[in-house]
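Below: the structure, in structure tokens.
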Amino acid sequence: MRIATTVFLTDRTITPVRLARALEERGFSGLYLPEHTHIPAARVTPAPMGGELPEMYGRTLDPFVALGQASAVTSTLQLGTGITLVAQHDPIDLAKKTATLDHLSGGRFTLGIGYGWNVEEAADHGVEWRTRRELVRDRMALMRALWSPQPTAYVGEFSSVQASSAYPKPVQPPRELAPGVPLYGPRTLIGGQAGPKLFAAIADHTDGWLPIGGGGLTESLPVLRQVWEAAGRDPKSLQVVPYAVQPTPGKIGHYADLGIEEVVLQLTSAGEPEILGVLDQFAQYL
């Protein structure tokens, strides 16, 4: 089982360069970074974990810039977002950043995407909350048109792009969305809680699921697999990566029994000495 990590890197924590080197030296498989452009001070949306929202949410580094630094000082460490708030991005610009990072890292990038939780943050980006899922699907389709090997136009409900020259292309080869229908771009996983809408989206346009916290998989995995296969997807191609997991030996063993091949462990948002100490504790799972 591959053991990756995620952490809120901020202007007060260990740097991306120091963390990436430490992870690769110790044998961890990857580093995933979250995204928040800003946290409005007048926010009324409840924090997803309850209680007060930790300061790190408003201090988070841009994940693409941070992962670019991590890519430059490593050669095998996988890199990912967990998650990119697609609705809050211009899709043409996001397609370029994603393809560039995958190109420069030699195909080591995973695009973790999601719908977000902070209504006020999304509103500042012009996002209509009730249609955010449809907006994300539309923007992913536009991005895949730009990642296609030939100039490909896209006209959707929310956005469009002309058939264009758009390089670099993602390094990772296309997968099959359906027989004869390629899925272009880097490995793409959707983060979120189990449910019919999420599972339908996973089967419709991604490579799999980032279940936040990693709980309840015994019950939810069979449901997702059924939705996946009903959509005509290859059963063997579904990827499920428990995300932001607080590990125990029993939990990691349970994931292995479920056939899961990669787990992302949650690191504390902290300075270098504390982070390195946690990595040493997590080494038992490698």
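Below, all heavy atoms of this structure are taken into account, side chains as well, without hydrogens, waters or symmetry copies.
Side-chain atoms of Thr74 do not come within 3.5 Å of backbone N or O of Leu77 as any donor-acceptor pair. Side chain of Ser164 to main chain of Gln162: a donor-acceptor pair is present (N/O by atom type, distance under 3.5 Å, no hydrogens or angles). Of the possible donor and acceptor atoms, one in the side chain of Thr13 sits under 3.5 Å from a partner among the backbone N and O of Thr10. Looking at Ser237, its side chain never comes within 3.5 Å of a backbone N or O of Pro235 through a donor-acceptor pair. Judged purely by atom type and a 3.5 angstrom limit, Ser220 has no side-chain atom pairing as donor or acceptor with the backbone of Ala194. The closest donor-acceptor contact from the side chain of Tyr243 to the backbone of Gly191 lies at 3.5 Å or more, if one exists at all. Checked by atom type and distance alone, the side chain of Lys96 pairs as donor or acceptor with a backbone atom of Tyr167 at under 3.5 Å. Checking side-chain atoms of Arg144 against main-chain N and O of His205 turns up a donor-acceptor pair under 3.5 Å. Looking only at distances, a side-chain donor or acceptor of Thr45 sits under 3.5 Å from a matching main-chain atom of Val119. Proximity of a side-chain donor or acceptor of Asp102 to a complementary backbone N or O of Pro186 within less than 3.5 Å is not detected.
Rounding to the nearest 0.5 Å gives a distance of 8.5 Å between CZ of Arg133 and CD1 of Ile190. To the nearest 0.5 Å, the span separating CG on Leu33 from OG1 on Thr60 amounts to 9.5 Å. Distance CG/Leu210 to CD1/Ile113: 9.5 Å, rounded to 0.5 Å. From Arg18, atom CZ reaches atom CG of Leu9 across 13.5 Å, with rounding to the nearest 0.5 Å. Taken from CD in Gln69 to CG in Leu79, the straight-line distance is 12.0 Å, to the nearest 0.5 Å. Within the model, atoms CG of Leu224 and CG of Leu198 stand 8.0 Å from one another, a figure rounded to the nearest 0.5 Å.
Counting non-hydrogen atoms of other residues, nucleotides and ligands closer than 6.0 Å to CD of Glu229 gives a total above 12. Annotation: Glu52, atom CD; neighbour count of heavy atoms from other residues, nucleotides and ligands within 6.0 Å does not exceed 12. Counting non-hydrogen atoms of neighbouring residues, nucleotides and ligands closer than 6.0 angstrom, the NE2 atom of His103 reaches no more than 12 such neighbours. Within 6.0 Å of CD on Glu128 lie more than 12 heavy atoms contributed by other residues, nucleotides or ligands.
Proximity of the aromatic rings of Phe199 and Trp209 is defined here by a centroid distance below 6.0 angstrom, and this criterion is met.
Leu31 is listed as a side-chain neighbour of Leu19, based on a closest heavy-atom distance under 4.5 Å. Pro211 places none of its side-chain heavy atoms less than 4.5 Å from the side chain of Gln193. For the pair Pro182 and Leu177, the minimum side-chain heavy-atom distance is 4.5 Å or more. Counting heavy atoms from C-beta outward, Leu217 and Ile260 have side chains that approach closer than 4.5 Å. Arg2 places a side-chain heavy atom less than 4.5 Å from the side chain of Glu261. Looking at Pro170 and Tyr184, their side chains never come closer than 4.5 Å, going by heavy atoms from C-beta outward. Between Val278 and Ile275, every side-chain heavy-atom pair lies at or beyond the 4.5 Å cut-off. Side-chain contact between His89 and Val136 is absent, with no heavy-atom pair separated by less than 4.5 Å.
Between Asp124 and Pro40, the shortest heavy-atom distance links the atoms OD2-CG, 3.8 Å. When all heavy atoms of Leu146 and Lys169 are compared, the pair lying nearest together is O-NZ, 2.8 Å. The shortest heavy-atom contact between Arg139 and Ser159 is CG-OG, 4.4 Å. In terms of heavy-atom proximity, Arg233 sits nearest to Glu176 at NE-O, 3.7 Å. The two residues Arg175 and Gly185 have their closest heavy-atom pair at NH1-O, 2.5 Å. The shortest heavy-atom contact between Tyr32 and Thr81 is CD2-O, 3.9 Å.
Using a 4.5 Å cut-off between side-chain heavy atoms of Ile, Leu, Val, Met, Phe, Trp and Tyr, with links allowed through other members, Leu104 and Met143 fall into different hydrophobic clusters. Ile202 and Val241 fall into different hydrophobic clusters, where Ile, Leu, Val, Met, Phe, Trp and Tyr are joined by side-chain heavy atoms under 4.5 Å apart, directly or via other members. Both Val263 and Leu238 sit in one connected hydrophobic cluster of ILVMFWY residues. Membership requires side-chain heavy atoms under 4.5 Å apart, directly or through other members. Linking Ile, Leu, Val, Met, Phe, Trp and Tyr whenever their side-chain heavy atoms come within less than 4.5 Å leaves Leu61 and Ile83 in two separate clusters. Linking ILVMFWY side-chain heavy atoms closer than 4.5 Å, directly or via other members, places Val245 and Leu286 in a single hydrophobic cluster.
Checked against side chain to side chain donor-acceptor pair (under 3.5 Å), Ser165 has no partners two or more places apart in sequence or in another chain. Under the salt bridge (charged side-chain N to carboxylate O under 4.0 Å, His left out) criterion, Asp204 pairs with Arg137, not counting sequence neighbours.
When hydrophobic residues (I, L, V, M, F, W, Y) are linked wherever their side-chain heavy atoms come within less than 4.5 Å, the members clustered with Phe158 are Val127, Leu135.
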The test is side-chain contact (heavy atoms from CB on, under 4.5 Å); show your working for Ile3 and Leu265 and say whether it passes. CA-CA 7 Å; Ile3 303 295; Leu265 307 185; 3.5 Å; yes
For a side-chain contact (heavy atoms from CB on, under 4.5 Å) check, start with the C-alpha distance between Leu85 and Tyr115, then their side-chain angles and the critical distance, and finish with the verdict. CA-CA 6 Å; Leu85 298 165; Tyr115 306 110; over 6 Å; no
Dump the intermediate steps for side-chain hydrogen bond (donor to acceptor under 3.5 Å, both in side chains) on Thr37 and His125, then the final yes or no. CA-CA 10 Å; Thr37 53; His125 287 277; 2.8 Å; yes
Apply the test side-chain contact (heavy atoms from CB on, under 4.5 Å) to residues Phe282 and Leu267: give CA-CA distance (whole Å), side-chain angles for both, the deciding distance (0.1 Å), then the verdict. CA-CA 9 Å; Phe282 284 175; Leu267 294 173; 3.7 Å; yes
Please assess His254 against Thr218 for the test side-chain contact (heavy atoms from CB on, under 4.5 Å), listing each intermediate value before the final yes or no. CA-CA 9 Å; His254 176 59; Thr218 301; 2.9 Å; yes
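A salt bridge between Arg187 and Glu262 is present, with a side-chain N of the basic residue lying under 4.0 Å from a carboxylate O of the acidic one. Ion pairing between Arg12 and Glu55 holds under the 4.0 Å rule for side-chain N and carboxylate O. Ion pair Asp280/Arg26 flagged as a salt bridge, since at least one NZ, NE, NH1 or NH2 atom sits closer than 4.0 Å to an Asp/Glu carboxylate oxygen.
Ring orientation note: the planes of Phe109 and Phe64 are tilted relative to one another, at an angle of 30° to 60°. Between Tyr57 and His36, the two ring planes are tilted [angle within 30° to 60°].
Tyr154 and Asp138 form a side-chain donor-acceptor contact under 3.5 Å, judged by distance and modelled atom types alone. Between the side chains of Gln78 and Thr110, no donor-acceptor pair is found at a separation under 3.5 Å.
Between Glu121 and the options His38, Gln88, Arg43, a side-chain hydrogen bond (donor to acceptor under 3.5 Å, both in side chains) holds for only Gln88.
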